[in-house]
Colleague: 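Got a structure here, written out as structure tokens. Questions coming.
In each ligand, atom 1 is the first atom listed, and ligand 1 is the first ligand listed.
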Amino acid sequence: MNQKAVVELRHVTKTVNRRNLVEDLNFQINAGEVFGFLGPNGAGKTTTIRMMVGLIGISQGDILINGCSISTDFNKAIQNVGAIVENPDLYKYMTGYQNLKHYARMVPGIGKKQINETAKMLGIGSWLKDPVRTYSLGMRQRLGLVQALLHRPSLLILDEPTNGLDPEGIHELRNELKYLAHERGVAVLVSSHLLSEMQMMCDKVGVIQHGKLITVQSIDDFVRDGGFSVSIVVDPSQTKMACRLISEMGKQIISADQSGKILAALDHSDIPEANRKLMESGIRVYSVQTQQETLEDRFLEVMEENQ
Ligand SMILES: Nc1ncnc2c1ncn2[C@@H]1O[C@H](COP(=O)(O)OP(=O)(O)OP(=O)(O)O)[C@@H](O)[C@H]1O
Ligand SMILES: [Mg+2]
């Protein structure tokens with residue numbers, strides 16, 4: 001592969017009180033790629049991101065950004081990074097524009113023109129003159145994004161950027177991140193629990209669970225590996241029993257809900273047998289349908305496999 005790694009994690013471990021919060025992480029993000037960092041609550045995403053932006057130290061291993069080590073060459077490495085970790089850092093009593101100007105002063109080479117251009121690109125021109133305390137949560141997120149992009153970083157890191165955005169805001173953010181990666185060659189790392197959104201936005205996914213990286217794959221391969229699943233709708237009162245019968249066939253239940261909808265990892269050839277078993281046990285089956293697994297289905301499946 002001749003792809004250019006903008007960021008590379010090498011055997012990264014974070015240990016606090018003798019416990020490894022994350023352990024031996026190895027992955028890279030290339031220029032022009034949106035990388036989705038997925039994992040359940042407490043998996044270690046924010047911890048990893050904090051190390052990537054130098055908010056906390058690395059216990060073992062190293063992180064290289066455009067070839068510069070975040071541990072030994074921090075100033076050079078961090079120049080290439082724009083980030084929002086959890087919430088954007090903004091001064092509430094200042095206007096949006098003043099916030100951007102204040103930030104620009106700390107980074108050489110950012111003029112008025114660049115501030116206005118970046119703000120315009122993200123469509124927030126009109127309310128830049130209002131104080132940030134009057135902004136909604138979504139407006140603050142957007143201002144934070146402008147701030148993170150002001151110095152034209154080659155790596156953009158966003159920890160849960162969809163927090164507080166309305167559906168239109170999420171849609172726009174998705175397009176902006178894709179534009180930045182695909183048209184401007186930025187490497188983007190984004191973590192979010194909105195998996196349907198991540199499926200539309202990301203080129204690659206890294207899945208972390210209990211501090212360990214389970215897989216790094218192109219999103220297409222990751223979802224395709226799940227293959228097809230079968231959605232079975234039974235009488236809601238019989239859901240449990242139906243799940244048990246399917247499990248007894250050695251097949252995995254991906255999800256089941258109170259409406260009687262069961263999603264199972266069945267092969268096409270298993271369907272007649274499953275159907276027969278259900279019928280013979282007196283389960284009322286309302287529908288059986290095959291469907292391509294979504295990112296969410298695949299994610300849940302992988303989580304369970306690695307429990
Ligand atoms: N400063 C700290 N000291 C000790 N443990 C910590 C510290 N910060 C985080 N942890 C622990 O590290 C683990 C990973 O937390 P982290 O915030 O990285 O998870 P996350 O993947 O970002 O989760 P979420 O999806 O909820 O944001 C958790 O078990 C958490 O309790
Ligand atoms: Mg987090």
Colleague: Taking all non-hydrogen atoms of both residues, which atom of Leu295 and which atom of Gln199 are closest, and how far apart?
Modeller: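 The pair with the smallest heavy-atom distance is N-OE1, 3.1 Å.
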Colleague: I'd like to know whether Glu117 forms a salt bridge (charged side-chain N to carboxylate O under 4.0 Å, His left out) with Lys120, so could you lay out the CA-CA distance, the side-chain angles of the two residues, the decisive distance to 0.1 Å, and finally the verdict.
Modeller: CA-CA 5 Å; Glu117 266 177 23; Lys120 208 170 140 202; over 6 Å; no
Colleague: Over 60° means perpendicular and under 30° means parallel, so tell me whether Trp127 and Tyr135 are parallel, tilted or perpendicular.
Modeller: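 Taking Tyr135 first and then Trp127, their aromatic rings stand perpendicular (interplane angle over 60°).
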Colleague: Taking all heavy atoms of Ala77 and all of Ile65, pick out the closest pair and write down the distance.
Modeller: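 Taking every non-hydrogen atom into account, O-CG2, 3.7 Å.
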Colleague: May I have the step-by-step check of side chain to side chain donor-acceptor pair (under 3.5 Å) for Thr13 and Asp24, ending in yes or no?
Modeller: CA-CA 5 Å; Thr13 296; Asp24 197 30; 5.3 Å; no
Colleague: Could you tell me the separation between the CZ atom of Phe27 and the OG1 atom of Thr48, rounded to the nearest 0.5 Å?
Modeller: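 Phe27 CZ to Thr48 OG1: 6.5 Å, rounded to 0.5 Å.
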Colleague: Answer yes or no: is there a side-chain heavy-atom contact under 4.5 Å between Val186 and Leu149?
Modeller: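 Heavy-atom side-chain distance check fails, nothing below 4.5 Å.
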Colleague: Does ligand 1 have any N/O atom under 3.5 Å from a protein N/O, and what are those pairs and their distances?
Modeller:
residue  : atom   : partner : partner atom : Å
ligand 1 : 18 (O) : Thr46   : N            : 3.4
ligand 1 : 18 (O) : Thr47   : N            : 2.9
ligand 1 : 18 (O) : Thr47   : OG1          : 2.5
ligand 1 : 19 (O) : Gly44   : N            : 3.4
ligand 1 : 21 (O) : Ala43   : N            : 3.2
ligand 1 : 21 (O) : Gly44   : N            : 2.9
ligand 1 : 21 (O) : Lys45   : N            : 2.8
ligand 1 : 21 (O) : Lys45   : NZ           : 2.8
ligand 1 : 22 (O) : Thr46   : N            : 2.9
ligand 1 : 22 (O) : Thr46   : OG1          : 2.8
ligand 1 : 23 (O) : Gly42   : N            : 2.8
ligand 1 : 25 (O) : Asn41   : ND2          : 3.2
ligand 1 : 25 (O) : Lys45   : NZ           : 2.8
ligand 1 : 25 (O) : His193  : NE2          : 2.8
ligand 1 : 26 (O) : Asn41   : ND2          : 2.9
ligand 1 : 27 (O) : Glu160  : OE2          : 3.3
ligand 1 : 29 (O) : Arg19   : NH2          : 3.0

Colleague: Is there a side-chain contact between Arg140 and Lys92 (heavy atoms, below 4.5 Å)?
Modeller: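 Arg140 reaches Lys92 side chain to side chain.
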Colleague: Can you list the steps and then say if His193 with Asn41 is a side chain to side chain contact (heavy atoms under 4.5 Å, CB included)?
Modeller: CA-CA 9 Å; His193 295 292; Asn41 291 135; 3.5 Å; yes
Colleague: Give the total of protein N/O/S atoms at a distance below 2.8 Å from the Mg ion (ligand 2).
Modeller: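 Of the protein's nitrogen, oxygen and sulfur atoms, 1 lie under 2.8 Å from the Mg ion (ligand 2).
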